[in-house]
Amino acid sequence: MSIPVTAIWWTMADIFDVIVVGGGVVGCAVVWEMTSRGYRCLLLEKNENLISEASSGNSGMLHTGFDAPADSLELQCITYTFPRMFDVLQGFGLVYDKIGATMVAWTQEQASKLPLIAQRSKTAGISPTRELSVSELYSREPRLSRHAQGALWIPEETVVDPWLTAISFAHDARRKGAVIETDALVQNICKTDDQRVDVMTSRGQFTGNVVINCGGLYGDIVDKLAGLQHFSIAPKKGQYAIYPKKVKHLINSSILPIPTEKGKGEIIFKTVYGNVIIGPTFEESASRRRPESDSNTIQRLMRYGDSCVRGLGECPIVNTYTGLRPATETKDYWINSYPESCWITIGGIRSTGLSGSLGIADKVRNLIVNQHGLEPSRTKRTDLERIAIKFVPPSHAMLDDVTYTITHPITLSGIETRLDSQL
Ligand SMILES: Cc1cc2nc3c(=O)[nH]c(=O)nc-3n(C[C@H](O)[C@H](O)[C@H](O)COP(=O)(O)OP(=O)(O)OC[C@H]3O[C@@H](n4cnc5c(N)ncnc54)[C@H](O)[C@@H]3O)c2cc1C
C-alpha cells in the first residue's frame with residue numbers, strides 16, 4: 001500500500017484517542033466509525049496489506065440475519081448494519097446486488113424445517129422471507145435439479161465486493177484524518193501512569209487513550225498482551241470453487257442449503273461481478289495460516305454444484321480459494337470493555353463480520369462514550385463522499401490517490417481482464 005506524502009503529518013509522540021489493532025473488516029469499520037465521530041484514530045495492521053486474514057476469505061455476502069440466533073449480539077449487529085450499509089455503499093459509490101437467496105430443501109426432512117426458519121426470521125423482524133411452492137421455485141430457478149421438495153425466498157440477501165467495502169472504510173477514515181500503519185505488528189502493551197496505553201510495535205511505539213482489539217484470527221493472542229484471557233481462537237476453514245462468469249445465467253439468486261449448527265452450509269452464489277462460486281466448507285483447522293485448498297474437497301464441491309444446478313458440471317472451474325473463520329470454542333461475537341485497562345476486545349466474529357461490521361463499530365462507540373467516558377478531540381465528519389475507484393490489473397486498485405493491493409479472490413476474479421475476455 002503506498003501512502004501519499006501529504007498523509008504523513010503526525011509524529012509518534014502524538015497521543016491518539018483510539019488505537020485499533022487489526023485491519024480486517026471489523027478494524028476498518030471501527031476506525032471509520034470512530035474517526036467519523038471525531039476521534040483521533042490510529043489503525044495498526046501487522047501485515048503488509050489491510051484485509052489479508054479472515055476478511056480476505058469470505059463469501060462477500062451482506063446477510064439479513066435471517067438465521068442468526070434469536071436475541072443474539074450477532075443478530076443485533078447485523079440488523080443495525082443491514083439498512084445502513086446501503087447508504088454507505090451508495091455514498092462511496094460501491095457495487096452491490098440485492099440478488100436475494102433461495103433456501104432449497106432437497107429432502108422431505110429438510111422441507112419440514114422451512115416453516116420454522118421462516119417464522120424465526122419473521123419474529124426477528126428482519127427480512128420478508130416467504131415459502132415457495134416447488135413450481136414457484138422452478139419458475140424462479142429453472143436450472144435447479146428436479147428433486148427439490150420446497151424452498152424459502154429471502155429477497156434482501158445481497159452480494160457486495162467484500163474487499164472494496166472493507167478497504168473503503170479504512171480509506172475514508174484516512175481521508176478524514178486517521179493514521180493507518182501496515183507492517184506494524186503489535187508486540188507489547190503497557191498501561192501508563194496517566195491512564196493511557198503505550199503500544200509497542202515493529203514500527204515503533206504509539207500512545208492512545210483506548211485500545212481496541214480487532215485482531216480477528218489472532219484476537220486471543222492480542223488480548224493476552226493486555227493480560228486478558230477469556231477466549232481462544234479455534235479457526236474453521238472454508239474452501240471455495242470459482243466458476244467463470246459465463247455460467248452466471250444458471251442461477252438467479254444465491255442457492256442456500258438448510259442451515260445446520262455449523263452455519264449456513266455450502267452456498268452456490270453469484271458474486272457481484274458475476275463469477276459463480278460454491279462454498280464455503282466448514283472444517284477444523286490446526287493452523288491460523290491460510291490453508292491451501294485440497295483437490296478432493298474441491299472435487300466434492302463441484303459434484304455438489306453439478307447435482308444442484310444443471311449445466312454447472314459441464315464448465316471447468318477457473319480458481320479455488322480458502323478462508324479461515326475466527327471462531328472461538330465458546331461463543332461468537334465477544335464484545336467486551338475493560339475500562340481499567342483502557343481496552344476493548346472484539347473477538348470471535350466468526351461468520352458475519354462483514355454483515356455485522358457497522359453494528360459492531362456502533363457498539364464500540366457506545367462503550368467508548370459510556371464506559372470509558374472518552375469524548376472526541378475533533379469535529380465529527382459523518383459525510384459520505386464518493387470514492388474515485390480505478391482498478392489497476394492484475395492486483396491493485398486506486399482509491400482517490402492511494403494505491404492498495406487487492407487481497408480478496410472475489411475482487412481479483414471479478415476484475416481480471418484475462419478472465420473477462422477469455423471466459
Ligand atoms: C469462509 C468464510 C466465509 C465467510 N462469509 C461471510 C459472508 O459472506 N458475510 C459476512 O458478513 N461474513 C462472512 N465471513 C465472516 C467474516 O469474513 C469474518 O467475520 C471477518 O472477516 C472477521 O473480521 P476481523 O476483522 O474480525 O478479522 P480478520 O480479518 O482476521 O482481521 C484481523 C486483523 O488483525 C491483524 N492482527 C492480528 N494480530 C495483530 C497484531 N498483533 N498486530 C497488528 N495486527 C494484528 C491481522 O493481521 C488481521 O488483518 C466469512 C468468513 C469465512 C472465513
[Y] and [X], any side-chain heavy atoms less than 4.5 Å apart:
| X | Y | answer |
| --- | --- | --- |
| Arg143 | Ile251 | no |
| Val21 | Leu225 | no |
| Ile167 | Cys28 | no |
| Val199 | Ile189 | yes |
| Gln187 | Ser202 | yes |
| Tyr333 | Lys363 | no |

Between [X] and [Y], what is the shortest heavy-atom contact and its length?
| X | Y | value |
| --- | --- | --- |
| Gly219 | Ile233 | N-CG1, 4.3 Å |
| Ala170 | Leu50 | CB-CD1, 3.7 Å |
| Cys214 | Val30 | SG-CG2, 4.2 Å |
| Glu45 | Gly23 | OE1-N, 2.7 Å |
| Pro235 | Leu324 | CB-CD2, 4.0 Å |
| Ala118 | Thr129 | O-OG1, 3.8 Å |

Q | Results of ring pair (Phe, Tyr, Trp, His ring centres under 6.0 Å) for Tyr80 - residues two or more places apart only | A | none
Q.
Just to verify, what does His396 make a ring pair (Phe, Tyr, Trp, His ring centres under 6.0 Å) with, not counting sequence neighbours?
A. none
Q: Determine, stepwise, if the pair His372 / Ile344 fulfils side chain to side chain contact (heavy atoms under 4.5 Å, CB included).
A: CA-CA 10 Å; His372 293 258; Ile344 293 174; 3.5 Å; yes
Going by atom types alone, do [X] and [Y] pair a side-chain donor with an acceptor below 3.5 Å?
| X | Y | answer |
| --- | --- | --- |
| Thr297 | Thr281 | no |
| Glu33 | Tyr39 | no |
| Thr345 | Asp223 | yes |
| Thr352 | Glu74 | yes |
| Asp161 | Thr411 | yes |
| Gln239 | Thr320 | no |
| Tyr321 | Ser56 | no |
| Thr102 | Ser253 | yes |
| Ser59 | Tyr240 | yes |

Q. Hey, what's the ring geometry for Phe391 with Tyr273, parallel, tilted or perpendicular (30° and 60° as the breaks)?
A.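 If you compare the ring of Phe391 with that of Tyr273, the planes turn out perpendicular.
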Q. Got a sec, which pairs hit salt bridge (Lys or Arg N to Asp or Glu O under 4.0 Å) with one end in residues 318-338, sequence neighbours left out?
A. Asp332-Arg350
Q: Just grab all the salt bridge (Lys or Arg N to Asp or Glu O under 4.0 Å) pairs involving residues 80-105, residues at least two apart or on different chains.
A: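 Matches after skipping sequence neighbours: Lys98-Glu156.
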Is it true that a side-chain atom of [X] and a backbone atom of [Y] form a donor plus acceptor pair closer than 3.5 Å?
| X | Y | answer |
| --- | --- | --- |
| Lys113 | Pro259 | no |
| Arg40 | Arg378 | no |
| Thr407 | Ile51 | yes |
| His408 | Asn58 | yes |
| Ser293 | Thr322 | no |
| Lys270 | Lys248 | yes |
| Ser55 | Val25 | yes |
| Arg203 | Asp183 | no |
| Asn275 | Tyr243 | yes |
| Ser395 | Thr405 | no |

Looking at [Y] and [X], is any side-chain nitrogen of the basic one under 4.0 Å from a carboxylate oxygen of the acidic one?
| X | Y | value |
| --- | --- | --- |
| Lys224 | Asp220 | no |
| Lys176 | Glu385 | no |
| Glu284 | Lys236 | yes |

Q.
For Leu312 and Ile278: C-alpha separation, side-chain torsions, deciding distance, then whether side chain to side chain contact (heavy atoms under 4.5 Å, CB included) applies.
A. CA-CA 11 Å; Leu312 198 54; Ile278 306 183; 3.9 Å; yes
Inter-residue atom distance [X].[atom1] - [Y].[atom2], 0.5 Å rounding:
| X | Y | atom1 | atom2 | result |
| --- | --- | --- | --- | --- |
| Tyr96 | Leu62 | OH | CG | 10.5 Å |
| Arg381 | Arg175 | CZ | CZ | 8.0 Å |
| Phe231 | Thr328 | CZ | OG1 | 7.5 Å |
| Ser168 | Arg386 | OG | CZ | 11.0 Å |
| Arg140 | Leu132 | CZ | CG | 5.5 Å |
| Leu94 | Ile389 | CG | CD1 | 5.0 Å |

Q. So with a 6.0 Å cut-off around CZ of Arg130, is the heavy-atom count from everything else above 12?
A.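 Yes, the 6.0 Å shell around CZ holds more than 12 heavy atoms from other groups.
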Q. If you count the non-hydrogen atoms of other residues, nucleotides and ligands that lie under 6.0 Å from CD in Glu340, is the total more than 12?
A. yes
Q | For Ile410, the option from Val160, Thr271, Leu164 that meets side-chain contact (heavy atoms from CB on, under 4.5 Å) | A |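 Of all the options given, the one that passes is Thr271.
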(Q) Evaluate Asn213 against Trp334 for side chain to side chain contact (heavy atoms under 4.5 Å, CB included), listing each step before the verdict. (A) CA-CA 11 Å; Asn213 171 7; Trp334 186 286; over 6 Å; no
(Q) Test side chain to side chain contact (heavy atoms under 4.5 Å, CB included) on Val186 and Lys46; report intermediate values, then the result. (A) CA-CA 7 Å; Val186 173; Lys46 69 177 169 58; over 6 Å; no
Enumerate donor-acceptor pairs with a distance under 3.5 Å from any side-chain N or O in residues 64-72 to protein atoms, sequence neighbours excluded.
residue	atom	partner	partner atom	Å
Thr64	OG1	Phe66	N	3.4
Thr64	OG1	Glu157	OE2	2.8
Asp67	OD1	Lys264	NZ	2.9
Asp67	OD2	Lys264	NZ	3.1
Ser72	OG	Pro69	O	2.6
Ser72	OG	Leu75	N	3.0

Q: Determine which pairs satisfy ring pair (Phe, Tyr, Trp, His ring centres under 6.0 Å) with at least one residue from residues 154-190, sequence neighbours left out, and list them in order.
A: Trp32-Phe169, His171-Tyr404
